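None of the values given here were measured: they were computed from a predicted structure. The basis for the numbers below is simple: all heavy atoms, side chains too, and nothing from hydrogens, waters or symmetry mates. Residue numbering restarts at 1 for every chain, and letters A, B, ... go by the order of the sequence lines.
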Number of protein chains: 4
Amino acid sequence: MKKEKPKYKQIVDAAVIVIADNGYHQAQVSKIAKQAGVADGTIYLYFKNKEDILISVFQEKMSLFIENLQEIIQEDTTPSEKLRLMIENHFKVLSNDTFLSRVTQLELRQSNKDLRLQINSILKEYLDQLDAILVEGVESGAFSKEMDIRLARQLIFGTIDEVTTSWVMKDHKFDLNSQASKVYQLLLNGIKA
Amino acid sequence: MKKEKPKYKQIVDAAVIVIADNGYHQAQVSKIAKQAGVADGTIYLYFKNKEDILISVFQEKMSLFIENLQEIIQEDTTPSEKLRLMIENHFKVLSNDTFLSRVTQLELRQSNKDLRLQINSILKEYLDQLDAILVEGVESGAFSKEMDIRLARQLIFGTIDEVTTSWVMKDHKFDLNSQASKVYQLLLNGIKA
Amino acid sequence: MKKEKPKYKQIVDAAVIVIADNGYHQAQVSKIAKQAGVADGTIYLYFKNKEDILISVFQEKMSLFIENLQEIIQEDTTPSEKLRLMIENHFKVLSNDTFLSRVTQLELRQSNKDLRLQINSILKEYLDQLDAILVEGVESGAFSKEMDIRLARQLIFGTIDEVTTSWVMKDHKFDLNSQASKVYQLLLNGIKA
Amino acid sequence: MKKEKPKYKQIVDAAVIVIADNGYHQAQVSKIAKQAGVADGTIYLYFKNKEDILISVFQEKMSLFIENLQEIIQEDTTPSEKLRLMIENHFKVLSNDTFLSRVTQLELRQSNKDLRLQINSILKEYLDQLDAILVEGVESGAFSKEMDIRLARQLIFGTIDEVTTSWVMKDHKFDLNSQASKVYQLLLNGIKA
DNA sequence: TATGAATGAGTCTTCATTCAT
DNA sequence: TATGAATGAAGACTCATTCAT
């Protein structure tokens with residue numbers, strides 16, 4: 001499978017760096033190829049077109065969130081604790097890779113509607129995991145029975161995303177990880193029973 | 001002042017329609033000129049460049065939120081009630097102009113970092129109003145004393161924005177206004193004392 | 001009408017020269033623009049795309065044949081004489097413009113099937129004129145009553161085209177005009193009553 | 001000799017099919033290799049470059065005409081009869097292989113001047129055979145003494161080629177073989193004594 | 001002989017902006 | 001003020017050919 005070949009990963013990683021450094025609109029295929037140490041044409045042996053590179057970037061990096069999240073959910077903890085771990089994990093992954101955080105919070109959002117629809121469908125898996133936590137919480141009585149799951153999801157994801165974007169736009173000047181417990185507390189208040 | 005001349009408004013309104021109809025990347029200056037009923041060159045008598053048009057679009061339309069919000073704050077109501085009215089107002093303004101909602105939630109976000117920084121500085125006035133409500137709420141004892149104002153602002157704005165974007169991406173299929181009271185309740189829970 | 005603007009003709013004439021000099025596959029749009037003395041982008045104010053330039057070259061230049069031919073047919077002469085004049089005219093037009101002859105006999109034939117279908121539909125008007133002469137000749141008894149019009153047209157056009165192409169491929173080394181009477185005699189023998 | 005190796009013929013036959021199916025400009029080396037069941041690189045063990053493949057296609061397939069023609073000429077018949085048999089043979093060979101007819105009449109003509117010069121030199125052998133018939137006819141008194149051999153050759157070849165191309169462009173909709181006697185008659189009239 | 005992954009040169013087209021009128 | 005014809009820079013993608021295995 002092509003995704004397991006080293007050059008595939010080489011190019012995806014190069015794309016993250018080039019986009020973070022130059023911005024989405026200045027991330028030419030030739031720059032990505034140069035950063036990856038391959039010829040321009042080689043890109044097209046692994047990706048259908050430029051859009052395909054960007055989708056793959058998101059797909060590959062999103063898995064960092066999702067894989068961790070699955071471990072957390074499998075653990076034998078309460079829904080509230082799962083939520084806290086999810087927020088901590090989200091902030092930790094992005095804190096550890098400021099290149100990636102620029103790309104996901106700022107640059108990739110400059111793509112057109114088609115690309116964003118594709119990104120959303122990748123994101124869906126993450127949001128589905130979040131929904132599962134919320135449903136479990138309602139059923140266990142930890143979260144409010146009147147709660148609208150979709151709204152709660154938008155509350156949580158919207159807040160996390162806004163906090164993260166703000167952190168990136170302020171050039172990572174404050175410590176994102178240390179925000180986690182306060183964000184958790186605010187969100188938990190909103191949804192708890 | 002140039003902003004009061006009829007052609008200035010003509011061009012800004014034309015830009016909203018063209019961007020909503022064609023998307024950000026397909027909103028060429030010549031299309032905006034045609035929609036506004038002026039020559040391409042005339043645009044440059046009123047705007048420095050294309051970016052200047054887009055900033056002006058945001059600036060002009062943002063005032064819809066801010067003017068209403070000021071009336072609300074001036075009213076003699078509790079901070080919680082002000083928050084509720086602000087959410088309702090936000091949803092109402094966007095519900096009334098689906099063209100505008102497409103433009104602010106989807107299309108204008110495809111701009112580059114510089115443009116978004118400018119947009120953020122316009123947005124700041126709106127967020128400052130929100131901060132004022134929050135401060136008032138803390139001082140009056142309605143909102144939690146431990147609350148971090150910045151985080152609370154991100155909680156509120158992030159959630160409103162996420163709900164709205166989701167509504168636009170689902171082609172306005174559900175009624176945004178009717179979400180207001182549930183969103184208010186969730187957010188209030190998060191921040192109340 | 002856009003075809004009357006000087007730049008339209010400037011570009012068509014430039015295209016003939018560039019194609020004749022460099023060959024069909026080496027006739028880049030930028031070369032044509034340079035030869036025409038305009039910017040690359042200007043080409044696209046007058047032509048939809050590169051293919052449109054090539055079709056226009058054929059269209060504009062084909063009219064040289066057709067307009068002359070109409071004068072000849074309107075004259076009060078016998079069908080045989082009309083045929084003779086048509087052949088002479090064909091050879092004369094191409095003899096007078098060796099650039100054009102390279103382009104029509106060699107270069108434009110390297111185009112893909114779509115373009116050639118378009119060229120054929122332009123050519124049709126010319127062949128219709130030829131058919132008219134043939135029909136008139138059959139009716140007047142000058143040409144054989146058993147003659148198949150389509151075959152006769154292919155005999156005449158095929159021969160003229162082969163003679164001309166051969167002249168071009170031999171770098172115009174012999175005098176094309178002086179072949180006219182012999183070609184006429186051969187063709188007339190083939191079709192006369 | 002490499003031309004007798006099985007893979008050589010495999011590749012030439014694959015090229016005919018690929019060109020007929022996809023057109024000259026869409027006949028990439030990799031498609032030909034795939035159709036032939038060999039690796040891309042293997043092509044270059046048997047052919048110098050892509051042009052060499054195309055020349056070989058013409059060379060190999062042209063022999064179909066020439067070998068038959070030699071048998072006809074060796075027979076003890078009159079020059080007029082030889083001409084008739086040559087026309088019939090030409091039409092028959094192409095009728096029997098519509099793939100080949102597309103390739104020779106339409107696709108291979110999209111090649112550049114160099115390739116066409118090479119093709120012409122291969123064609124020369126065929127035209128030389130035709131010349132021999134014409135000379136014999138003049139000497140035997142069957143064809144006109146004033147006849148210009150080169151013009152007569154262009155009359156005959158140009159007509160046959162035009163009829164055939166027309167048949168291909170009309171998607172082989174009429175029966176080419178049945179045109180032979182009428183074409184023969186027209187041509188004979190043109191050149192007979 | 002045979003493979004096929006890698007190479008990298010080459011080009012059409014768009015569109016924000018200008019400037020002579 | 002207003003016009004709109006003209007400008008020209010910039011970039012994604014293809015495919016014939018090579019060469020290490």
For DNA chain E, consecutive-pair runs of 3 or more (Watson-Crick or G-U wobble, both H-bond-type distances under 3.5 Å) give E:2-21 with F:2-21
Measure the distance from NZ on D:Lys48 to C1' on F:dA16 and round it to the nearest whole Å. 14 Å
Are the charged groups of C:Asp97 and C:Arg102 less than 4.0 angstrom apart, N to O? no
Set of residues satisfying salt bridge (charged side-chain N to carboxylate O under 4.0 Å, His left out) with respect to D:Arg109, sequence neighbours excluded: D:Asp161
Check whether any side-chain nitrogen or oxygen of A:Tyr44 sits under 4.0 Å from OP1 or OP2 of E:dA6, and answer yes or no. no
Would you list the pairs meeting ring-ring contact (aromatic ring centres under 6.0 Å, His included) in which at least one residue belongs to residues 99-124 of chain D, sequence neighbours left out? none
D:Leu54 and D:Phe47, any side-chain heavy atoms less than 4.5 Å apart: no
If you check the B:Leu45 side chain, which of E:dA2, F:dT7, F:dA2 turns out closest? F:dA2
Please lay out, stage by stage, how B:Ser121 and B:Leu117 fare under the test side chain to side chain contact (heavy atoms under 4.5 Å, CB included). CA-CA 6 Å; B:Ser121 76; B:Leu117 280 174; over 6 Å; no
Starting at atom CG of A:Asn22, determine the distance to atom P of F:dA10, rounded to an integer number of angstrom. 15 Å
Quick check on F:dT17: is either OP1 or OP2 less than 4.0 Å from any side-chain nitrogen or oxygen of D:Lys50? no
Distance below 4.0 Å between D:Lys5 side-chain N/O and E:dT1 OP1 or OP2: yes
Rounded to whole Å, NE2 of D:His25 lies from P of F:dA16 at a distance of 12 Å
Mind calculating the distance between OH (C:Tyr24) and P (E:dT11) to the nearest angstrom? 14 Å
Starting at atom CZ of D:Phe47, determine the distance to atom P of F:dC15, rounded to an integer number of angstrom. 20 Å
For atom CG of A:Asn49 and atom P of F:dG11, their distance in whole Å: 17 Å
Reading DNA chain E from 5' onward, which residue's closest nucleotide shows up sooner: B:Glu51 or A:Thr42? A:Thr42
D:Gln28 meets the side-chain hydrogen bond (donor to acceptor under 3.5 Å, both in side chains) criterion, sequence neighbours left out, with D:Gln26, D:Lys31
Expected list for residues 28-40 of chain C near DNA chain F, using heavy atoms below 4.0 Å, is C:Val38, C:Ala39
Is there a donor-acceptor contact under 3.5 Å from the side chain of A:Lys61 to the main chain of A:Val12? no
Of all residues at least two apart in sequence or in a different chain, which pass the salt bridge (charged side-chain N to carboxylate O under 4.0 Å, His left out) check with D:Asp40? none
Between C1' on E:dT7 and OH on A:Tyr46, what's the gap in Å once rounded to a whole number? 12 Å
Pairwise side-chain contact, B:Ser56 with B:Tyr8, heavy-atom cut-off 4.5 Å (strictly under): yes
Specify the residue among B:Gly41 and A:Lys7 whose closest nucleotide of DNA chain E lies further upstream toward the 5′ end. A:Lys7
Rounded to whole Å, how long is the line connecting atom CD1 of A:Ile53 with atom C1' of F:dC13? 11 Å
